[in-house]
Amino acid sequence: MSRKRILIMLTVVFLVAAVAVGAYFYNQRAKNIDRITYLDFSEKAENGNVEVVYLSDSPSLEGELTDGSRFITENPRSQDFKESMLVLGVRVEEGQRNSALMSALRMVLVFGIITFSVWGISRLMNRETSSGRKDPADKLSTMHCETVRDAGVGFDDVAGNDEAKESIKDIVDFLKNPEKYARMGARMPSGVIFYGPPGTGKTLLAKAVAGEAGVPYFAFSGSDFVQVYVGVGAARVRDVFKKARDMGRCVIFFDEIDALGKKRNGMASGGNDERNQTLNALLTEMSGFNSNDGIVVIAATNRLDVLDEALLRPGRFDRQVEIGLPDINGRLEILKIHSRNKPLSKDMDLKNLAHQTVFFSGAQLESLMNEAAIFAAKRGSKLIEKDDIDKAYYTVIAGAEKKDRSAISRLDREITAYHEAGHALVTKLVAPENRVTKVTIIPSTKGAGGFSVSLPPDRMYRSRIQMENSIKIALAGRIAEEIIFGKDNVTTGASNDIEKATQIVMALVKRFGMGDSTGMLNYDILFQNSVANQERIVEECRAFMDKYYRETSDLLVENKYLLDRIARTLLAEESIDEECLEGIVSGQVSGPAVAAEECLPGESGQKSLEFGSPII
Ligand code: ADP
């Protein structure tokens, strides 16, 4: 709420309170008036004990005695009453006692109530109706802004991302000493964009820049600047920069810059109009920077390609820094940072954990350690054990374990077991270099029926064969269901797998020029997302998918005995780890004898998650 509004509200509250208190005291005094009979009054008047009477048309007559006490009696309303009083030496005043005060009080009260109501109604209307008349500046106060004078975070708190840190070191130096650069006539970039997947530490790094330079840090979300009311976003942008200039050297951070800086499509209407105005305001403000100001604007986005080119021109966000998912060393460093204040048991091997967390972002790793600490605390343990990490791992990738599993039918468990066994076995058969650290049929609260974690080794590129293998691993769950329960009994559990397999095969054909008949062309560029000419691509994708389906199916039929063993072990144990799986696949472990064939095939709503590598 703005200070102006708070002041108005306080004034109104004060007025109403003053009126209420006045009326209360007046009432209290009125309660002290003695009611006397007319006879008594006449006697007192004749004895000279009445000081004054207040003559009015009301049925009661008020007055005061010579000793200062007040009374009230019947009003005779006779014509000669005034004269008779005057003769007795009683002062006569026309009108009710304090009527002036009363009416003044009443007026203030009525005025107070009306003002209060009008203010309340106008507030409600302002909130609900569109208002070109509304002062945009008023809206600024409702915007969420994180303002930190001392960020308390430095580069040491950001693990990995060494290249990113290196490429912004000069900006920290510039923030510390802008004059040094101005003397040399150097034009420092006033805007830097951090781009990369969510949770990789973009916000953290922006804060660290401010922390290292020892300057204040303002953080906003891009979506706060895109409003329903045209002009409000632009006003907010101007206000942010004004505040920053008043502040002197500082870092302004815009998270999700794409919310306001998406490519413009030329049609200025409605929401677009607002967005264009906001973007223009941002561009103008950034161009108006003086390099001596010592203000650095950092923006973050998950996708650089959706941003308007104008934002990336010199003088605006002219430095773009990629913040990627951490590699094995980065993950180890992040795990170390987030276990600084956590008591880990001696047998905890963070290096191994770093190996098992391929494709985890920094935020997921932080969450992993935090969840593990919560599990350990809940157990009342003094140390965080491997088991806590295992549970946390499950929670981070699939959500919390479903505790009540009594409602899951035996058939559904069997289907899930074979489905996950299919994923795990095909991983080991086609891509033995991938680690399968966990296979489970414990359902999660997020809807996964179970999952199998398949971790490819850290690689810079992905080969065609790796992409094909990823498709086969994704299809293996459905194929295993089909082999065991029959074509008619396959379930909806494979929907995520099909989605993933389709994404990979599409990328293979459309983007990477790996299609047999489609050739070395990028079809997105060729047809600019038009639906025409898509048939050929669909045909090529289908041909690939059918081929991979057949090959995977042959593989599973050939190794059905291994599929049975893994599924039976899953049914008996619910989860199996890497060692156990390796044992079964290498023939050292045979698995318990649970007869899956006893079950009748039927409908199942189970879902399966397959954690493998992303498309690139
Ligand atoms: P982004 O802005 O890229 O979405 P954040 O900076 O908000 O990611 O990261 C969220 C949290 O994840 C951070 O507060 C931090 O705890 C953790 N984190 C992410 N990346 C790193 C990293 N490189 N080093 C240490 N912690 C990290």
Side-chain angles (χ1 to χ4, degrees), residues 144-148 150-169 171-172 191-213 217-225 251-261 296-307 317 319-342 344 350-351 353-355 357-374 384 389 392-393 395-397 458 614:
H144 174 76
C145 159
E146 186 193 353
T147 311
V148 189
D150 176 11
V153 177
F155 283 159
D156 285 349
D157 299 289
V158 189
N161 292 315
D162 292 335
E163 300 79 9
K165 280 193 250 176
E166 198 53 48
S167 70
I168 48 174
K169 270 197 179 137
I171 291 186
V172 173
V192 183
I193 284 202
F194 291 158
Y195 66 96
T200 43
K202 298 182 285 297
T203 311
L204 189 66
L205 201 55
K207 227 181 212 178
V209 170
E212 287 284 331
Y217 163 86
F218 296 106
F220 304 90
S221 168
S223 52
D224 270 341
F225 295 87
V251 168
I252 309 176
F253 178 64
F254 289 105
D255 201 3
E256 299 170 21
I257 188 78
D258 34 311
L260 74 94
V296 168
V297 187
I298 301 180
T301 178
N302 298 341
R303 291 187 56 191
L304 197 60
D305 56 318
V306 298
L307 293 185
F317 290 100
R319 188 172 292 183
Q320 291 118 35
V321 179
E322 183 177 6
I323 316 275
L325 285 170
D327 60 11
I328 170 88
N329 296 328
R331 292 198 297 276
L332 181 60
E333 291 308 309
I334 296 174
L335 285 170
K336 279 185 187 161
I337 285 183
H338 292 291
S339 40
R340 269 181 199 161
N341 56 351
K342 298 186 176 67
L344 300 183
L350 287 186
K351 192 147 196 183
L353 191 56
H355 270 295
T357 44
V358 184
F359 299 117
F360 268 47
S361 67
Q364 280 175 310
L365 291 169
E366 190 272 336
S367 175
L368 176 73
M369 294 313 293
N370 190 47
E371 290 289 337
I374 293 173
I384 301 173
I389 297 277
Y393 191 94
T395 311
V396 172
I397 54 179
D458 272 293

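In what follows, residues are counted from 1 in the order of the sequence shown. No hydrogens, no waters, no symmetry mates; every other heavy atom, side chains included, goes into these values. In listed order, ligands and their atoms are each counted from 1.
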| request: May I ask you to check whether F194 and F253 place their ring centers less than 6.0 Å from one another? | output: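 Not close enough - the centres of the two rings lie 6.0 Å or further apart.
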Enumerated ligand 1 atoms positioned under 4.0 Å from heavy atoms of [X]:
{"X": "A159", "answer": "22 (C), 23 (N), 24 (N), 25 (C)"}
{"X": "D157", "answer": "24 (N), 25 (C)"}
{"X": "N161", "answer": "23 (N)"}
{"X": "V158", "answer": "23 (N), 24 (N)"}
{"X": "G362", "answer": "12 (O), 17 (C), 18 (N), 19 (C), 20 (N)"}

How many angstroms lie between [atom1] in [X] and [atom2] in [Y], if you round to the nearest 0.5 Å?
{"X": "D162", "Y": "F155", "atom1": "CG", "atom2": "CZ", "value": "11.0 Å"}
{"X": "Q320", "Y": "T301", "atom1": "CD", "atom2": "OG1", "value": "11.0 Å"}
{"X": "I374", "Y": "S367", "atom1": "CD1", "atom2": "OG", "value": "8.0 Å"}
{"X": "I337", "Y": "L365", "atom1": "CD1", "atom2": "CG", "value": "10.5 Å"}
{"X": "R303", "Y": "E256", "atom1": "CZ", "atom2": "CD", "value": "14.0 Å"}

| How does E366 reach ligand 1, if at all, at less than 4.0 Å between non-hydrogen atoms: by side chain, backbone, both, or neither? |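 The answer is the side chain.
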| Under 4.0 Å from ligand 1, counting heavy atoms only, is it the side chain of L204, its backbone, both or neither? |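 It is both parts that get close, each with some atom under 4.0 Å.
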| request: Please name the residue in the list L325, L350, V358 that meets the side-chain contact (heavy atoms from CB on, under 4.5 Å) test with R331. | output: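 Filter result, single survivor: V358.
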Say whether [X] and ligand 1 are in contact under the criterion: heavy-atom distance to a ligand atom below 4.0 Å.
{"X": "N302", "value": "no"}
{"X": "H338", "value": "yes"}
{"X": "G199", "value": "yes"}

| field | atom 2 (O) of ligand 1 [closest protein heavy-atom partner, distance rounded to 0.1 Å] | value |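 Protein heavy atom at minimum distance: T203 OG1, 2.5 Å.
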| query | Which residue and non-hydrogen atom of the protein lie closest to atom 12 (O) of ligand 1, and at what distance in Å? | reply |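 In this structure, atom 12 (O) of ligand 1 has A363 CA, 3.1 Å as its nearest protein heavy atom.
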| task | Could you tell me whether the side chain of N302 reaches within less than 4.5 Å of the side chain of D258, counting heavy atoms only? | result |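 In short, these two side chains do not touch, never coming nearer than 4.5 Å.
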| request: Return yes when atom NZ of K342 has more than 12 non-hydrogen atoms of other residues, nucleotides or ligands closer than 6.0 Å, and no otherwise. | output: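 Check passes, neighbour count above 12.
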| request: Give yes if a backbone or side-chain nitrogen or oxygen of G201 is under 3.5 Å from a nitrogen or oxygen of ligand 1, and no if not. | output: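 For ligand 1, there is an N or O atom that lies under 3.5 Å from one belonging to G201.
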| Counting both backbone and side chain atoms, is some N or O of D255 under 3.5 Å from an N or O of ligand 1? |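 No; every N/O pair is 3.5 Å or more apart.
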